[in-house]
Amino acid sequence: MKCYYSRCCWFVLLILVLLHLESEWVAAANKHGTSNVNIKTRQYGGTLSFTYYENTCPDLETIVHQKMEAWIKQDFTLAPSIIRLHFHDCAVRGCDASILLNHAGSERRAYNSRTLRGFQVIDDIKVEVEKRCPRTVSCADLLTVAARDATVMAGGPFWEVPFGRKDGRISISREADMAPSGHENITTLINFFQARGLNVLDLVALSGSHTIGRCSCSSIRQRLFNYNQTGKPDPSMIIQYSSLLKKKCTKDYYLIDLDAMTPRTFDTMYYSNLGNQMGLLTTDQLLYLDARTAPYVDALASQPDLFMTQFAVSMVKLGNTQVLTGGRQGEIRLNCNYVNL
């Protein structure tokens with residue numbers, strides 16, 4: 001293995017071994033994707049199954065795939081938007097489609113949610129699924145598999161999605177405002193992920209979704225013009241990059257690619273950019289600067305196949321976060337925007 005950065009090769013090699021060991025279970029799950037494999041949920045003791053809809057809605061994944069293909073062909077930027085929407089759902093109360101509820105005081109109305117997109121995509125999928133499989137498929141399952149298909153259509157990895165999530169009935173805006181927004185320190189991020197059963201490796205791997213997608217200039221204005229009240233740009237950003245961004249960000253609502261080099265390609269350039277001081281968000285660049293996360297950045301930057309495998313592993317773990325699987329805890333929403341009456 002060739003080391004692309006100056007950090008100790010033996011440490012990177014150790015991380016690669018750990019990455020390989022953790023990824024083996026998802027490979028086994030994919031191998032048995034057509035059999036009745038169950039995954040225990042963390043929070044409620046229920047199970048998710050790869051064949052949950054085998055008899056009740058056998059064409060589910062085909063329906064989702066066709067709808068996603070049509071939407072993303074029309075607008076590629078919806079691919080990262082759906083992945084982000086899925087993360088923001090799972091980050092608050094687990095993957096229960098609470099981010100989709102549209103009422104005063106809901107997660108969807110939170111300040112942190114103001115730039116979320118893709119709600120109309122899930123609504124469109126839900127309408128078609130209800131026609132074909134009435135009162136059967138949860139919005140939480142639809143969003144989870146849509147995020148997988150969005151990843152694949154952007155050039156990322158495929159993974160089998162276990163099903164059986166129920167939709168939550170509670171959605172609170174102040175809880176959504178506690179989700180990461182790009183300005184946190186690494187300790188805060190690590191603690192946030194660990195509270196949801198995700199580790200440091202998952203944090204770095206899932207951050208790799210920033211290989212595609214955009215953010216508003218308002219999110220980086222402080223880094224560009226007044227870092228820590230100095231009136232200067234963040235010194236962790238290379239001057240040529242910050243100067244370019246200043247020219248582009250003449251309006252707060254303008255959008256900037258998270259990956260300046262290959263913004264439409266799902267690859268490891270995001271991690272390489274961090275090594276070149278070209279992380280767009282504060283949280284991006286800090287991954288390279290913090291000793292707890294930097295070795296993982298190095299490992300994933302230098303091993304594209306490993307990144308693809310680990311991203312799939314971490315997305316499966318994310319999609320299984322604190323899910324509702326039955327009883328009074330959840331329901332199958334007939335409309336993803338509203339709880340059932």
Side-chain angles (χ1 to χ4, degrees), residues 75-89 91-92 99 107-119 154 173-193 203-204 206-265 269-290 293-294 297:
D75 181 2
F76 175 82
T77 66
L78 284 169
S81 293
I82 292 295
I83 298 170
R84 183 172 178 236
L85 189 61
H86 174 55
F87 174 80
H88 276 259
D89 180 41
V92 182
I99 191 66
E107 294 170 30
R108 184 167 171 174
R109 304 286 186 90
Y111 181 80
N112 261 6
S113 303
R114 67 195 185 283
T115 57
L116 293 180
R117 301 171 62 235
F119 297 101
S173 61
R174 67 174 180 274
E175 294 181 347
D177 282 331
M178 293 187 290
S181 61
H183 305 287
E184 295 78 13
N185 59 47
I186 295 299
T187 297
T188 298
L189 286 178
I190 290 174
N191 290 341
F192 185 90
F193 272 64
L203 164 61
V204 178
L206 292 174
S207 295
S209 64
H210 289 178
T211 182
I212 54 175
R214 301 175 296 176
C215 80
S216 65
C217 285
S218 62
S219 299
I220 59 171
R221 173 161 293 280
Q222 185 260 356
R223 284 196 78 197
L224 296 179
F225 299 101
N226 192 25
Y227 181 71
N228 284 348
Q229 306 300 316
T230 62
K232 299 178 181 180
D234 184 346
S236 69
M237 182 183 290
I238 192 170
I239 188 65
Q240 293 91 333
Y241 188 42
S242 61
S243 297
L244 176 64
L245 292 174
K246 284 181 179 180
K247 292 178 181 179
K248 290 186 174 183
C249 284
T250 55
K251 302 289 185 180
D252 279 353
Y253 59 83
Y254 285 179
L255 298 174
I256 300 294
D257 292 319
L258 288 161
D259 176 354
M261 306 304 290
T262 57
R264 290 176 64 92
T265 305
M269 184 58 70
Y270 162 79
Y271 298 109
S272 299
N273 288 342
L274 303 187
N276 293 324
Q277 296 179 266
M278 292 178 60
L280 188 63
L281 299 175
T282 300
T283 48
D284 291 329
Q285 196 59 54
L286 287 178
L287 292 176
Y288 185 78
L289 299 175
D290 193 285
T293 51
V297 172

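Since we're looking at a predicted model, the values are computed, not measured. Each residue takes its place number in the sequence, starting with 1.
- Screening Cys249, Cys217, Ser216 against Leu255 for a side-chain contact (heavy atoms from CB on, under 4.5 Å) leaves a single residue, Ser216.
- Using a 4.5 Å heavy-atom cutoff, the side chains of Thr283 and Ser207 are not in contact.
- The side-chain tip of Arg84 does not point at the ring of Phe87 from less than 6.0 angstrom away and within 45° of straight on.
- Ala110 and Asp177 make their closest contact through CB-OD1, 3.5 Å (heavy atoms, listed as atom of the first residue, atom of the second, distance).
- For Phe193 against Leu206, the heavy-atom pair with the smallest separation is CE2-CD1, 3.9 Å.
- Looking at Ile212 and Ile83, their side chains come closer than 4.5 Å, going by heavy atoms from C-beta outward.
- For residues 181-192, there are no salt bridge (charged side-chain N to carboxylate O under 4.0 Å, His left out) pairs, not counting sequence neighbours.
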Exercise. What's the verdict on side chain to side chain contact (heavy atoms under 4.5 Å, CB included) for Leu280 and His210, showing C-alpha distance, side-chain angles and the deciding distance?
Worked result: CA-CA 9 Å; Leu280 188 63; His210 289 178; over 6 Å; no
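- Put simply, the side chain of Ser113 never gets that close to the backbone of Arg109: no donor and acceptor are under 3.5 Å apart.
- Side-chain contact between Asp284 and Tyr270 is present, with heavy atoms from C-beta onward closer than 4.5 Å.
- One distance of note links CG of Asp259 with CZ of Arg264; it measures 12.5 Å at 0.5 Å rounding.
- Counting all heavy atoms, side chain and backbone alike, Cys215 lies closest to Ile220 at SG-CG2, 4.3 Å.
- Expressed to the nearest 0.5 Å, how far CD of Gln285 lies from CG of Leu274 amounts to 5.5 Å.
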Show me the side-chain donor-acceptor pairs of residues 232-244 shorter than 3.5 Å, one per line, residues at least two apart or across chains.
| unit_1 | atom_1 | unit_2 | atom_2 | d |
| --- | --- | --- | --- | --- |
| Asp234 | OD1 | Ser236 | N | 2.9 |
| Asp234 | OD1 | Ser236 | OG | 2.9 |
| Asp234 | OD2 | Arg223 | NE | 3.0 |
| Asp234 | OD2 | Arg223 | NH2 | 3.1 |
| Asp234 | OD2 | Ser236 | OG | 3.1 |
| Ser236 | OG | Arg223 | NH2 | 3.2 |
| Ser242 | OG | Ile239 | O | 3.0 |
| Ser243 | OG | Ile239 | O | 2.9 |

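- Side-chain contact between Leu281 and His183 is absent, with no heavy-atom pair separated by less than 4.5 Å.
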For this session: Apply side chain to side chain contact (heavy atoms under 4.5 Å, CB included) to the pair Arg221 and Asn226, showing each step before the final yes or no.
Result: CA-CA 8 Å; Arg221 173 161 293 280; Asn226 192 25; over 6 Å; no
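- Taking CE of Met261 as the reference point, atom CG of Asn273 lies at 6.5 Å (rounded to 0.5 Å).
- Within the model, atoms OG1 of Thr211 and CG of Asp257 stand 10.5 Å from one another, a figure rounded to the nearest 0.5 Å.
- For the pair Thr293 (side chain) and Leu287 (backbone), a donor-acceptor distance under 3.5 Å is present.
- Here CD1 of Ile99 is found 5.0 Å from CD of Glu107. Values are rounded to the nearest 0.5 Å.
- Contact record, Tyr254 with Lys248: CD1-O, 3.3 Å, taken as the closest heavy-atom pair.
- Rounding to the nearest 0.5 angstrom, the gap separating the CG atom in Leu289 from the CD1 atom in Ile186 is 8.5 Å.
- In terms of heavy atoms, Phe192 sits closest to Ala91 at CZ-O, 3.6 Å.
- Taking the side chain as every heavy atom from C-beta outward, Thr187 and Asp290 never approach each other to under 4.5 Å.
- Annotation for Arg174: atom CZ does not count as buried by contact number, only 12 or fewer foreign heavy atoms lying within 6.0 Å.
- Pairing each heavy atom of Val204 with each of Tyr271, the nearest pair is O-OH, 2.7 Å.
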